[in-house]
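Okay, structure first, notes after.
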Amino acid sequence: MSIKVQNLIKIYGQQKAVNNISFEISAGEITGFVGPNGAGKSTTMKIITGFISPSSGTVFINNLDINTHSLEIKKHIGYLPENNPLYTDLYIKEYLKYVAGIYNLGKQTNSRIDKVIQQTGLTNEVNKKIGALSKGYRQRVGLAQALIHDPNILILDEPTSGLDPNQIIEIRNLISEIGKEKTVLLSTHLMQEVEAICNRIIIINKGEIVANDKVKDITKNIAEAYQTIFAEFNTEVNREVLEKISGVRRVAMISKKKFLFESIENTDIRQNIFQYAVDNKISVLSLQEKEKNLEEIFHELTK
């Protein structure tokens, strides 16, 4: 199933949490939804799942409008909220049976419980109360409840938050496996997570979409728009003077002779840096374009 967000706005009092955003996610994609704290990620996800209503705009799930078909859409969405609320005094099967009852699974209940327990790797923990589980296994229970009704779409809000490195890898592998059959939208602060499991990345900042691209393409496309150039001169140079070179947005000093230049959008500044050196009778010992990684791109677009 596909997700289409169209001109979405959400206002809390005087605060515009989501500001007229639009994007589409194709069926079968795992999409990373990233941004700083307070950027609008959780609000957008709650609107997509029907937990809260937008101030304006809408969401289409497989061409069904969330504003008019909320109940029908919820049947096709599995949702793991950021804080993963669980009934810790229940055993795993008790809790999953309770969730299955909410979805009216009827005769399918026991088979679906057995399926998601096996799918999420909870078999060895199944006789424990949720309160006795590690955080990693609690996240697995959260995923199990999101999967219990076999939805076509999974919305996962910070699914690896607070986990140790081994638990993070386990949950990532699980999401990757689930993503072979379902459309997945997950929020995260970890760029390594996006690179490891996502096909697409959407970056949101201050309620607005600032990037939306395939993970394998975004580094190349952003790098073409914003250059980062390393330059080394044969003599000491004043950083403030370098910032006045045409096309330069910012200069970071590594040493008195070595600098990192950042360009304004869609500007190649290499020739301008070289021309500055020629005009001032300075030798350029090195002039190299620095490749950006996903974390640097995120910082560039959200700072």
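Side-chain contact between Asn67 and Pro54 is present, with heavy atoms from C-beta onward closer than 4.5 Å. The shortest side-chain heavy-atom distance between Glu289 and Thr228 does not fall under the 4.5 Å cut-off. Val248 has its side chain out of reach of Leu242: every pair of non-hydrogen atoms, C-beta onward, lies at least 4.5 Å apart. Between Leu154 and Leu186 the shortest side-chain heavy-atom distance does not fall below 4.5 Å. Looking at Asn212 and Glu24, their side chains never come closer than 4.5 Å, going by heavy atoms from C-beta outward. For the pair Asn104 and His149, the minimum side-chain heavy-atom distance is 4.5 Å or more. Between Ile11 and Ile9 the shortest side-chain heavy-atom distance falls below 4.5 Å. Ile245 has its side chain out of reach of Ile269: every pair of non-hydrogen atoms, C-beta onward, lies at least 4.5 Å apart.
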Does the salt bridge (Lys or Arg N to Asp or Glu O under 4.0 Å) test come out yes or no for Lys75 and Asp150, once each step is laid out? CA-CA 9 Å; Lys75 296 177 183 178; Asp150 197 21; over 6 Å; no
Side chain to side chain contact (heavy atoms under 4.5 Å, CB included) between Arg138 and Thr88, worked out: CA-CA 9 Å; Arg138 290 191 191 193; Thr88 56; 4.0 Å; yes
Would you check, one step at a time, whether the test salt bridge (Lys or Arg N to Asp or Glu O under 4.0 Å) holds for Glu94 with Lys129? CA-CA 9 Å; Glu94 281 184 304; Lys129 285 189 175 183; over 6 Å; no
Given the rule in the side chain to side chain contact (heavy atoms under 4.5 Å, CB included) test, do Ile92 and Glu125 qualify, once you have shown the distances and angles that lead to the verdict? CA-CA 8 Å; Ile92 292 173; Glu125 309 294 317; 4.2 Å; yes
Start with the C-alpha gap between Ile209 and Ile203, add the side-chain angles, then the distance that decides, and say whether side chain to side chain contact (heavy atoms under 4.5 Å, CB included) holds. CA-CA 6 Å; Ile209 302 296; Ile203 302 177; over 6 Å; no
Show the numbers, then the answer: is there a side chain to side chain contact (heavy atoms under 4.5 Å, CB included) between Lys290 and Ile229? CA-CA 6 Å; Lys290 184 176 179 292; Ile229 304 294; over 6 Å; no
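The structure places CD of Glu236 at 8.5 Å from OG of Ser255, a figure rounded to the nearest 0.5 Å. Here Ile155 contributes atom CD1 and Leu185 contributes atom CG; the two are 4.5 Å apart, rounded to the nearest 0.5 Å. With values rounded to the nearest 0.5 angstrom, Leu190 atom CG is found 5.5 Å from Ile168 atom CD1. Rounded to the nearest 0.5 Å, atoms CG (Leu105) and OG (Ser111) are 8.5 Å apart. Atom OG of Ser176 sits about 5.0 Å away from atom CD1 of Ile30, to the nearest 0.5 Å. Rounding to the nearest 0.5 angstrom, the gap separating the NZ atom in Lys4 from the OG atom in Ser22 is 8.5 Å.
Judged by distance alone, the side chain of Lys182 and the main-chain N or O of Pro151 form a donor-acceptor pair under 3.5 Å. Looking only at distances, no side-chain donor or acceptor of Arg140 sits under 3.5 Å from a matching main-chain atom of Leu122. Judged by distance alone, the side chain of Asn238 and the main-chain N or O of Glu240 form a donor-acceptor pair under 3.5 Å. The backbone N or O of Tyr79 lies less than 3.5 Å from a partner atom in the side chain of Gln145, making a donor-acceptor pair. With hydrogens and angles ignored, the 3.5 Å screen pairs no side-chain donor or acceptor of Thr267 with any backbone N or O of Gly247.
Follow the hydrophobic side-chain contacts under 4.5 Å out from Ile197 and you reach Leu163 in the same cluster. No continuous path of hydrophobic side-chain contacts links Ile202 to Leu80 [ILVMFWY only; heavy atoms under 4.5 Å]. Hydrophobic clustering (ILVMFWY, side-chain heavy atoms < 4.5 Å, transitive): Phe60 and Ile25 are in distinct clusters. The hydrophobic cluster containing Ile178 also contains Ile113, counting ILVMFWY residues as joined when their side-chain heavy atoms lie under 4.5 angstrom apart, directly or transitively. A continuous path of ILVMFWY side-chain contacts below 4.5 Å connects Ile153 to Val5, so both sit in one hydrophobic cluster.
Side-chain contact annotation: Asn19 with Glu208, donor-acceptor N/O pair under 3.5 Å present. Using modelled atom types and a 3.5 Å distance limit, the side chains of Glu193 and Thr160 yield a donor-acceptor pair. Counted by atom type alone, Asn37 and His189 present one or more donor-acceptor pairs between their side chains at under 3.5 Å.
The two residues Ile21 and Gly207 make their nearest non-hydrogen contact at CG2-O, 3.1 Å. Pro36 and Thr302 get closest at one heavy-atom pair: CG-CB, 3.7 Å. Scanning all heavy atoms of the two residues, the minimum distance from Gly106 to Thr109 falls at O-OG1, 2.8 Å. Heavy-atom minimum distance, Ile117 versus Leu96: CG1-CD1, 3.8 Å. Counting all heavy atoms, side chain and backbone alike, Ser187 lies closest to Pro159 at O-CD, 3.4 Å. Here the closest non-hydrogen pair linking Ile66 and Ile47 is CG1-O, 3.9 Å.
For the pair Lys10 and Tyr12, the cation-pi criterion (under 6.0 Å, within 45° of the ring axis) is fulfilled.
Of the options Ile48, Thr44, Leu156, a side-chain contact (heavy atoms from CB on, under 4.5 Å) to Phe33 is made by Thr44 and by none of the others. Among Ile218, Thr31, Asp217, the one residue that satisfies the side-chain contact (heavy atoms from CB on, under 4.5 Å) test with Ile201 is Ile218.
The environment of Glu295 atom CD is sparse: at most 12 non-hydrogen atoms of other residues, nucleotides or ligands sit within 6.0 angstrom. Shown here is Asp89, whose CG atom has more than 12 heavy atoms of other residues, nucleotides or ligands within 6.0 Å. No more than 12 heavy atoms of other residues, nucleotides or ligands shown are found within 6.0 angstrom of NZ on Lys46. Annotation for Lys74: atom NZ counts as buried by contact number, over 12 foreign heavy atoms lying within 6.0 Å. By the 6.0 Å contact criterion, CD1 on Ile102 is enclosed, its count of non-hydrogen atoms from other residues, nucleotides or ligands being greater than 12. For Tyr98, the OH atom is loosely surrounded, since the number of other residues' heavy atoms within 6.0 Å does not exceed 12. Within a 6.0 Å radius of OH in Tyr103, more than 12 heavy atoms belonging to other residues, nucleotides or ligands are found.
Centroid-to-centroid, the aromatic rings of Phe230 and Phe259 stay 6.0 Å apart or farther.
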Donor-acceptor pairs under 3.5 angstrom involving side-chain atoms of residues 271-280: please list them, not counting sequence neighbours.
| unit_1 | atom_1 | unit_2 | atom_2 | d |
| --- | --- | --- | --- | --- |
| Asn272 | ND2 | Ser246 | O | 2.8 |
| Gln275 | NE2 | Asp279 | OD1 | 2.9 |
| Asn280 | ND2 | Tyr276 | O | 2.8 |

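Salt bridge annotation for Arg250-Glu243: absent, with no cationic side-chain nitrogen under 4.0 angstrom from a carboxylate oxygen. Ion pairing between a basic and an acidic side chain is recognised when a charged N comes within 4.0 Å of a carboxylate O; Lys257 and Glu232 show no such pairing. Electrostatic pairing of Lys93 and Asp114 counts as a salt bridge here, judged by a charged N lying under 4.0 Å from a carboxylate O.
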